[in-house]
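Here the structure comes first, spelled out in C-alpha cells, and everything after it is commentary.
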Amino acid sequence: MTLSIALVYAIVVVAIVLFVRDKMRPDVIGLLLLLALFSTGELTVSEALAGFSDPIVLMIAGLLVVGEALMQTGVAARLGQLPLRLAKGSPRLTLLFLMILVATLSAFMSSTGTVAVMIPVAMAIARATHTPPAQLMMPLAIASMLGGTLTLIGTPPNLVAAGVLAGASTPENPLDLHFFSLTPVGLVVAAAGLVYVMTWGRRLLPNTFPQGHDARPSLRTLRTSWGVDERVERIVVAEGSTLCNAPFGDADLRARFDVYVVEVERRDPRAFHLGTRRLQPTPTLLLEAGDILHVRATREAIASFCDTCGVQRLEALEGRRPEEVMGVAEVILTPRSRLVGRTLREARFRDLYEVNVLGIRRMGKPLDGGLADVPLAFGDTLLVEGPWRRLQLFRTLSRDFVLAEIPDELESAPITMDRAAYAIVILAVLLVVMTLGIVPHVIAVFGAALAMVLTRCINMDDAYRSMNWRSLVLIASILPVATALENTGGMALLVSSLTQWLATAPPHATLFVFLFATSVMSQVISNTATTVLLAPIALQTAVALGFSPLPFVVGVAIAASTAFSTPIGSPVNLLVLAPGGYTFRDFLRVGVPLQLLVLLVALVAIPLFFPF
C-alpha cells in the first residue's frame, strides 16, 4: 500500500466516522471530504468539481421540482383520500390501500415529500377508523422506502447506481438501467414488505392510543395533551393607561408579561349590526381608551399586566367562544425547512407567520426552558397557536412544515386542484419519454420541471426552494471519491482484497456481502452517500470475479432503501416519529426483521432478473 492510497483511505474513513457521529451537517462533511481529497493532489480541479455537473445531481434537482409541483397542485393530497373510500371502513384494508398508494407515489416523487403530504391524511384515517396512529405512521414510512425501489427515479441511490453502471457500459456489454428496469425486483421486495407489515409487523407495532388521545381531537384536547393553559380574558384599556394612543408594537406585551393578544375589539358606531369592530393587533395599531384586548395568558401574567399598564380585567370571555377566534395545530419541521438550525427568535417566527409557538417536542420529548432561543432541528414538533386564517396557511408551507395533528375546525379546508390536470399530464409525458428513451433522462426531467413552471403548477421561486441543496451538495461532493480511489490505485487494491476473500465464494454469497454492508451503513449515514461509496466497489469486484456487475450494483441500490431499524436511518422515519408516538425500540422491533426479510428476498429475486 502506497502513502497516497493510505492517505485517501484515511480521509474516507474519517468522513464516514463524522457521518456516523452526526455532529456536523452532512453537506459540510462532504465538502470537507472533497477539499481534503483535492489537497492530496490526486484530483484535478475538473475532477474535484465534476460532481456538480454530473447528470445524476441535475436529475435529482429536476425531480425535486416535479415532486413539489405534484404536492402544490393537490394531486398527492387528493389521491390520499382514496384508501378510506376503497376500504369502506375496514382498518386492515385501509392500511393495505394506504401502503400501496404511498409506495406508488414514492416511485415517482420524493419519499420525504410523499410522507409529508400523507401524514395529515393518515391521521385523519386513524381518527375515522378509531385506529391508533402508531398502527399507520411507521407503515407509511416503510411503504415510502419500498416504493423507492420501483422505478429508476424512485430514490437517489437508484440514479447513482445507474450512473455507475452507465460509466462502465460498452456497446458489446450494455449495462444501462432504464426507467422500469428495477420494477420487477422492486415489486417483489415491496410485496414482501407489505405482506410482512400486514401480518407479523402489524402485531409488533404499538396498538395503544397516546395519553390524552381523542378519536376526534378538539382544541381543548390538543392543548391539554401539551399541558397548555386555556385561560382567555378580556382586558379594557382604561383612560390614562400607558397603552393609550401608543402603537401596539411598542408595548411589547409578549416579552414583558408573557401576554398574547388575540385581537382588539373597538366600539364603532358605523358597525351598526354589532357596534364593534374586531382588529388584528398589528405593531402599528394605535390603541385607544375603551379598546378591549382579547388576551391569552396565565392568571399571574394577567395580574401583572393589569397592575403595570393601568388596564382593567373584565369577566371571562363570553358570547364569542375562543375557538371562533383562535386555533392550535401541530407542525413538524421538514428536512428542507429554513428553520432548521435557527432559533424562533432568529427566524422572527411570530412576525413571519403571525402565530405563537406554545411548545416544542424533540424525539417525542418536550423541550424545557426558553423556547425562543432553542435551535430547531429536523423532526421537531411545534404546537402553534394563532388565528384560523393563519393556521390554514401552514397547509401550503410544505417546504418548511408538515401539518401533523389538527383539530376538527381546520380539517374541512378544501384542497385546491385547479392546476392538477396539467401536473398529471406532464408526469405522464415524462414517464413515457423516459421509458422509451427518446431523449437522455436528464433532459426529460429538466423539460418536465420547466413545463411545471410554465403551466403555473409551481412558480420559479418555489422551484428553487424545492431543491434540497444539502442533499445535492452532499452527492456532488462525494461522487469524486471513486475518482480519487481510481487515481491512487486504492480502488484496485480494495477490489483485489475482496476478490481474494470471495474468490471461492458462490455469487449469491458475494451479493449478500454487498447487500448486508449497504443495509447496515444506510442505518447510520445517508443512503445516497452509502451508494456512492459502495456501488463502484461492487461493480469492479464483480468484474474481477468474472460476474456481471448488474446484480451487485442493483443490490447496493435496493439495500440502500432498507433503513427501517432506526428513527435516524431515514428522514421519513423522523417525520413519523412524533405523530406515531414511537420510541427507538419500536423501530428496532419492527425494522430489524423487515430489514433481514427484504435482504433475503432481494438475494433471491435480483439474480432472477439480473443473472450473474
Using the side-chain contact (heavy atoms from CB on, under 4.5 Å) rule, take Ile125 and Leu136 through it: C-alpha gap first, then chi angles, then the decisive distance, then the call.
CA-CA 9 Å; Ile125 289 175; Leu136 297 179; 4.0 Å; yes

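- Residues Ala192 and Val601 come closest through the heavy atom pair CB-CG2, 3.8 Å.
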With side-chain contact (heavy atoms from CB on, under 4.5 Å) as the test, would you mind laying out the steps for Ile426 and Thr455 before giving the verdict?
CA-CA 10 Å; Ile426 292 169; Thr455 55; 3.6 Å; yes

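- When all heavy atoms of Val433 and Ala444 are compared, the closest pair comes out as CG1-CB, 3.8 Å.
- In this structure, CG on Leu479 lies 9.0 Å from CG on Leu474, to the nearest 0.5 angstrom.
- Every side-chain contact (heavy atoms from CB on, under 4.5 Å) that Leu339 has, sequence neighbours left out, goes to Leu333, Ser337, Ala347, Phe349, Tyr353, Leu376, Phe401.
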Output, in order, the C-alpha distance, side-chain angles, deciding distance and verdict of side-chain contact (heavy atoms from CB on, under 4.5 Å) for Leu533 and Met521.
CA-CA 10 Å; Leu533 293 172; Met521 286 184 64; 4.3 Å; yes

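- In this structure, Met99 and Val197 have side chains that are in contact, with non-hydrogen atoms separated by less than 4.5 Å.
- The CZ atom of Phe564 sits 10.0 Å away from atom OH of Tyr196, with the distance rounded to the nearest 0.5 Å.
- Of all non-hydrogen atoms in Val102 and Leu140, the two that sit nearest each other are CG2-CD1, 3.4 Å.
- Aromatic rings of Phe587 and Tyr582 (six-membered ring for Trp) have centroids within the 6.0 Å cut-off, being under it.
- In summary, of the residues considered (Thr149, Asn527, Ile558), a side-chain contact (heavy atoms from CB on, under 4.5 Å) with Pro157 occurs for Asn527 alone.
- Between Val357 and Leu383 there is no side-chain heavy-atom pair separated by less than 4.5 Å.
- The backbone N or O of Ala559 lies less than 3.5 Å from no partner atom in the side chain of Gln595, so there is not a single donor-acceptor pair.
- Closest non-hydrogen pair, Thr531 versus Ala161, comes out as CG2-N, 4.3 Å.
- Interatomic distance, CG of Leu63 versus CG of Leu58, reported as 11.0 Å (0.5 Å rounding).
- Between the Gln135 side chain and the Pro132 main chain, no donor and acceptor come within less than 3.5 Å of each other.
- With Leu182 as reference, Asn158 is the one residue of Val189, Ile606, Asn158 to meet the side-chain contact (heavy atoms from CB on, under 4.5 Å) rule.
- Counting heavy atoms from C-beta on, the side chains of Thr151 and Phe108 come closer than 4.5 Å.
- Asn459 places no side-chain N or O within donor-acceptor distance of the main-chain N or O of Val453, the cut-off being under 3.5 Å.
- In terms of heavy atoms, His441 sits closest to Met434 at NE2-O, 3.3 Å.
- Neither side chain, Thr518 nor Thr530, offers a donor N or O lying under 3.5 Å from an acceptor on the other.
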Applying side-chain contact (heavy atoms from CB on, under 4.5 Å) to Leu32 and Met24, what does each step give before you reach the verdict?
CA-CA 11 Å; Leu32 288 173; Met24 190 182 298; 3.7 Å; yes

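- For Leu64 against Met467, the heavy-atom pair with the smallest separation is CD1-CA, 3.9 Å.
- The backbone N or O of Gln523 sits less than 3.5 Å from a side-chain atom of Thr566, completing a donor-acceptor pair.
- Summarising the geometry, atom CE belonging to Met452 is positioned 13.0 Å from atom OH belonging to Tyr422; distances are rounded to the nearest 0.5 Å.
- The backbone N or O of Glu47 lies less than 3.5 Å from no partner atom in the side chain of Thr483, so there is not a single donor-acceptor pair.
- Ser169 places no side-chain N or O within 3.5 Å of a backbone atom of Ala166 that could act as its donor or acceptor partner.
- With sequence neighbours left out, the side-chain contact (heavy atoms from CB on, under 4.5 Å) criterion links Leu187 to Leu150, Thr183.
- With a 4.5 Å cut-off on side-chain heavy atoms, Val331 and Thr381 do not count as touching.
- Leu34 places a side-chain heavy atom less than 4.5 Å from the side chain of Pro480.
- The shortest distance between side-chain heavy atoms of Leu96 and Met198 falls below 4.5 Å.
- Here the straight-line distance linking atom CG of Leu550 with atom CZ of Phe609 works out to 14.0 Å at 0.5 Å rounding.
- Met137 contributes atom CE, which lies 13.0 Å from atom CD1 of Ile142 (distance to the nearest 0.5 angstrom).
- Side-chain atoms of Leu344 and Ile360, non-hydrogen and from C-beta on, do get closer than 4.5 Å to each other.
- Here the side chains of Pro184 and Val188 are not in contact, with every heavy-atom distance at 4.5 Å or above.
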